[in-house]
Amino acid sequence: MVKERTFSIIKPDATRRNLTGKINAKFEEKGLRVVAQKRLHMTQDMAERFYGVHRERPFFKDLVKFMISGPVVVQVLEG
């Protein structure tokens, strides 16, 4: 069976509420496996570059502000 990988971000509101383990359990219940994971605090530059495709949208500044408001968990899922 061919396995595919995808990138996932557990956002600041979920990390603030200590939901990382529960979210990962849901992924695992669906047959996905966490193959890499890192907790970090995105800088404004990181968030602006990652979400740059949305730069002209009205929600861009709020999105960046939200994403830098606390730590996130970035991960690679395989399944």
Side-chain angles (χ1 to χ4, degrees):
M1 179 167 105
V2 176
K3 295 196 180 215
E4 295 186 21
R5 289 185 172 182
T6 192
F7 178 73
S8 169
I9 301 177
I10 299 176
K11 296 180 175 55
D13 56 341
T15 62
R16 263 192 295 278
R17 294 170 50 208
N18 295 315
L19 296 176
T20 301
K22 288 181 180 182
I23 291 169
N24 284 341
K26 293 284 185 185
F27 289 145
E28 291 169 352
E29 287 171 13
K30 298 297 182 182
L32 297 171
R33 189 169 69 98
V34 178
V35 295
Q37 181 173 326
K38 183 175 183 177
R39 183 180 184 97
L40 59 90
H41 200 124
M42 291 180 87
T43 65
Q44 183 160 343
D45 182 59
M46 288 169 68
E48 286 176 351
R49 284 187 291 129
F50 186 79
Y51 292 104
V53 67
H54 301 298
R55 187 171 300 280
E56 302 305 319
R57 305 271 175 103
F59 59 82
F60 178 74
K61 287 182 182 178
D62 288 336
L63 175 60
V64 170
K65 184 178 176 182
F66 170 65
M67 292 304 293
I68 67 174
S69 69
V72 299
V73 175
V74 296
Q75 54 193 11
V76 176
L77 304 175
E78 182 178 81

Novice: With hydrophobic residues grouped by side-chain heavy-atom distances under 4.5 Å, do Val76 and Val34 end up in a single group?
Specialist: no

Novice: CD/Glu48 to CG/Leu63 distance, rounded to the nearest 0.5 angstrom?
Specialist: 10.5 Å

Novice: Is a salt bridge present between Asp13 and Arg17, judged by a nitrogen-to-oxygen distance below 4.0 Å?
Specialist: no

Novice: Are more than 12 heavy atoms from other residues, nucleotides or ligands located less than 6.0 Å from atom CD of Glu28?
Specialist: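 Yes, because the 6.0 Å sphere around CD of Glu28 holds more than 12 heavy atoms from other groups.
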
Novice: Same hydrophobic cluster for Phe7 and Met46, using side-chain heavy-atom links shorter than 4.5 Å among ILVMFWY?
Specialist: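 Yes, Phe7 connects to Met46 through the hydrophobic network.
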
Novice: Could you state the interatomic distance from OG1 (Thr6) to CD (Glu78), rounded to the nearest 0.5 Å?
Specialist: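 Reported to 0.5 Å precision, the distance equals 11.5 Å.
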
Novice: Please report the interatomic distance CD(Gln75) to CG(Leu32), rounded to the nearest 0.5 Å.
Specialist: 10.0 Å

Novice: If I take atom OH from residue Tyr51 and atom CZ from residue Phe66, how far apart are they, to the nearest 0.5 angstrom?
Specialist: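 One gets 8.5 Å once the value is rounded to the nearest 0.5 Å.
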
Novice: Drop me the distance from Ile9's CD1 to Met42's CE, to the nearest 0.5 angstrom.
Specialist: 5.0 Å

Novice: Tell me whether Phe50 is reachable from Phe60 by hopping between hydrophobic residues (I, L, V, M, F, W, Y) whose side-chain heavy atoms are closer than 4.5 Å.
Specialist: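 Same hydrophobic cluster.
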
Novice: Can you give me the closest heavy-atom contact between Ala47 and Val64, atom names plus distance?
Specialist: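 Minimum heavy-atom contact is CB-CG1, 3.9 Å.
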
Novice: So which atom in Gly70 and which in Pro12 form the shortest heavy-atom distance, rounded to 0.1 Å?
Specialist: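 Heavy atoms of Gly70 and Pro12 come nearest at O-CG, 3.7 Å.
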
Novice: With a 4.5 Å cut-off on side-chain heavy atoms, are Leu19 and Ile10 touching?
Specialist: no

Novice: Could you tell me whether a side-chain N or O of His41 sits under 3.5 Å from a main-chain N or O of Val72, the two making a donor and an acceptor?
Specialist: no

Novice: Within a radius of less than 6.0 Å around CZ of Arg16, do more than 12 heavy atoms belonging to other residues, nucleotides or ligands occur?
Specialist: yes

Novice: Rounded to the nearest 0.5 Å, how far apart are CE of Met67 and CD of Gln44?
Specialist: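 One finds 13.0 Å between CE of Met67 and CD of Gln44.
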
